Amino acid sequence: MKFDVLTLFPELFDAVLGESIIGRARQNNIIQINTVNIRDFSLNKHRKVDDYPYGGGGGMVMMAQPICDAYLSIAEKLSYKPRVVYLSPQGRVLNQEIVKELSTEEHLILLCGHYEGIDERVIEEIVDDEISIGDYVLTGGELPAMVLIDSVSRLIPGVLSSEESYSQESHYEGLLEYPQYTRPYEFSERKVPGVLMSGHHENINRWRRQQSLKRTYLKRPDMFERLSLNEADRKLLEEALKENEE
Ligand SMILES: NC(=O)c1ccc(NCc2ccccc2N2CCOCC2)nc1
């Protein structure tokens, strides 16, 4: 999987994508992440990449030419047209389903906007997808690009070790994760739930699924209503909610 990031701030990516799981995956060449500085493609001597908006109004707009030339510097070497994702507040909001879809691509070009946005003709010319990481406004598209790279990369085979990839398990897909505990057994007078100490794996899995169902129902009714629960799950949830009332 290859990511090419078109950005005005390539150095922002080094720390976040150089460390830990993603850093290791880059070293093992499981994923490649390359940044392209849009400013290097400005045609004027002051390396200007923004200009005043036609129609007036405050703020500046990123010019089309430097962005499109930065894109061409990548695309012209390729025999295929790579998928171009533009990170913007107008995009469809990223979720795990979209992450999964993106992880099937061999090569993604991520375009990071700044100022008040980019000249619309760039979107018409080269952008395939507009994606937002949530309904809030940021100073630039770089953090959204890093979020997308992180979430997509962890689905690429070989990026997560076997332990790390455990959280991939489909058994609770669409559900919130159950509570996690580790040593010591008692911490600030709080003990670990007995079932987890029993070594009874069937009961442990039952308890974990019950906790995931309960948490999803209580914390994320929007996710919960998308679930289709079988009879066993419904009973588990009912029992958990009854305990809540006691
Ligand atoms: N939710 C997101 O994914 C998200 C993404 C980017 C982003 N900002 C960069 C940006 C990129 C494109 C267009 C406008 C802008 N903005 C520039 C600053 O002013 C507001 C508009 N903000 C939030």
Side-chain angles (χ1 to χ4, degrees), residues 1-17 22 31 33-43 46-75 81-105 107-156 219-220 222-223 226:
M1 174 85 169
K2 181 170 189 196
F3 299 92
D4 278 303
V5 186
L6 308 184
T7 173
L8 291 174
F9 303 100
E11 65 284 351
L12 282 183
F13 290 83
D14 300 342
V16 171
L17 302 174
I22 303 292
I31 57 172
I33 306 173
N34 175 44
T35 55
V36 174
N37 190 338
I38 295 167
R39 200 173 290 282
D40 292 345
F41 294 86
S42 163
L43 293 181
H46 305 296
R47 289 169 58 83
K48 198 167 151 46
V49 292
D50 63 314
D51 208 336
Y52 298 101
Y54 277 117
M60 302 295 275
V61 174
M62 282 179 79
M63 294 160 71
Q65 172 272 319
I67 299 173
C68 288
D69 285 353
Y71 163 77
L72 286 172
S73 74
I74 300 163
K81 187 195 178 304
R83 191 165 172 180
V84 178
V85 174
Y86 175 43
L87 289 307
S88 100
Q90 284 82 29
R92 61 178 171 149
V93 179
L94 188 67
N95 59 29
Q96 199 61 20
E97 201 180 326
I98 297 173
V99 168
K100 258 191 233 137
E101 178 201 318
L102 292 172
S103 70
T104 62
E105 296 287 342
H107 186 180
L108 285 176
I109 295 184
L110 307 182
L111 171 56
C112 302
H114 254 273
Y115 305 105
E116 290 316 301
I118 66 176
D119 187 301
E120 190 65 15
R121 290 163 293 186
V122 175
I123 299 169
E124 290 163 4
E125 186 87 0
I126 65 170
V127 170
D128 298 302
D129 290 277
E130 263 191 276
I131 288 181
S132 163
I133 60 167
D135 290 332
Y136 38 84
V137 179
L138 303 167
T139 55
E142 280 74 18
L143 286 174
M146 289 180 226
V147 164
L148 189 147
I149 291 171
D150 188 300
S151 59
V152 170
S153 296
R154 58 189 298 283
L155 299 186
I156 306 298
K219 288 183 174 181
R220 292 291 306 271
D222 61 306
M223 282 173 72
R226 285 201 291 269

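Numbering of ligands and ligand atoms starts at 1, following listing order. Quick caveat, the model's predicted, so the values are computed rather than measured.
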Ligand-side contact atoms (ligand 1) for residue partner [X], heavy atom cut-off under 4.0 Å:
{"X": "G141", "value": "9 (C)"}
{"X": "G117", "value": "13 (C), 14 (C)"}
{"X": "S132", "value": "1 (N), 2 (C), 3 (O)"}
{"X": "E116", "value": "14 (C)"}

Once you round to the nearest 0.5 Å, how far does [atom1] of [X] lie from [atom2] of [Y]?
{"X": "S153", "Y": "L148", "atom1": "OG", "atom2": "CG", "value": "8.5 Å"}
{"X": "L155", "Y": "T104", "atom1": "CG", "atom2": "OG1", "value": "10.5 Å"}
{"X": "E116", "Y": "M62", "atom1": "CD", "atom2": "CE", "value": "12.5 Å"}

Is it true that, when you exclude [X] itself, more than 12 heavy atoms of the residues, nucleotides or ligands shown sit nearer than 6.0 Å to its [atom1]?
{"X": "E97", "atom1": "CD", "result": "no"}
{"X": "K81", "atom1": "NZ", "result": "yes"}
{"X": "E101", "atom1": "CD", "result": "yes"}

In terms of residue, atom name and distance, what is the protein heavy atom nearest to [atom]?
{"atom": "atom 15 (C) of ligand 1", "result": "P89 CD, 3.9 Å"}
{"atom": "atom 16 (N) of ligand 1", "result": "Y115 O, 3.9 Å"}
{"atom": "atom 3 (O) of ligand 1", "result": "I133 N, 2.8 Å"}
{"atom": "atom 7 (C) of ligand 1", "result": "L138 O, 3.7 Å"}
{"atom": "atom 20 (C) of ligand 1", "result": "V137 CG1, 3.2 Å"}
{"atom": "atom 1 (N) of ligand 1", "result": "G134 O, 2.8 Å"}

Is [X] touching ligand 1 with its side chain, its backbone, both, or neither, if touching means heavy atoms under 4.0 Å apart?
{"X": "L87", "value": "backbone"}
{"X": "P144", "value": "side chain"}
{"X": "Y86", "value": "side chain"}

Geometry only, no angles: is Y136 polar-contacting ligand 1 at N/O separations under 3.5 Å?
yes
With P10 as partner, the option from D40, N34, V36, T35 fulfilling side chain to side chain contact (heavy atoms under 4.5 Å, CB included) is T35
Please assess M146 against L12 for the test side-chain contact (heavy atoms from CB on, under 4.5 Å), listing each intermediate value before the final yes or no.
CA-CA 9 Å; M146 289 180 226; L12 282 183; 4.1 Å; yes
Expected output: side-chain D129 to main-chain I131 donor-acceptor under 3.5 Å
no
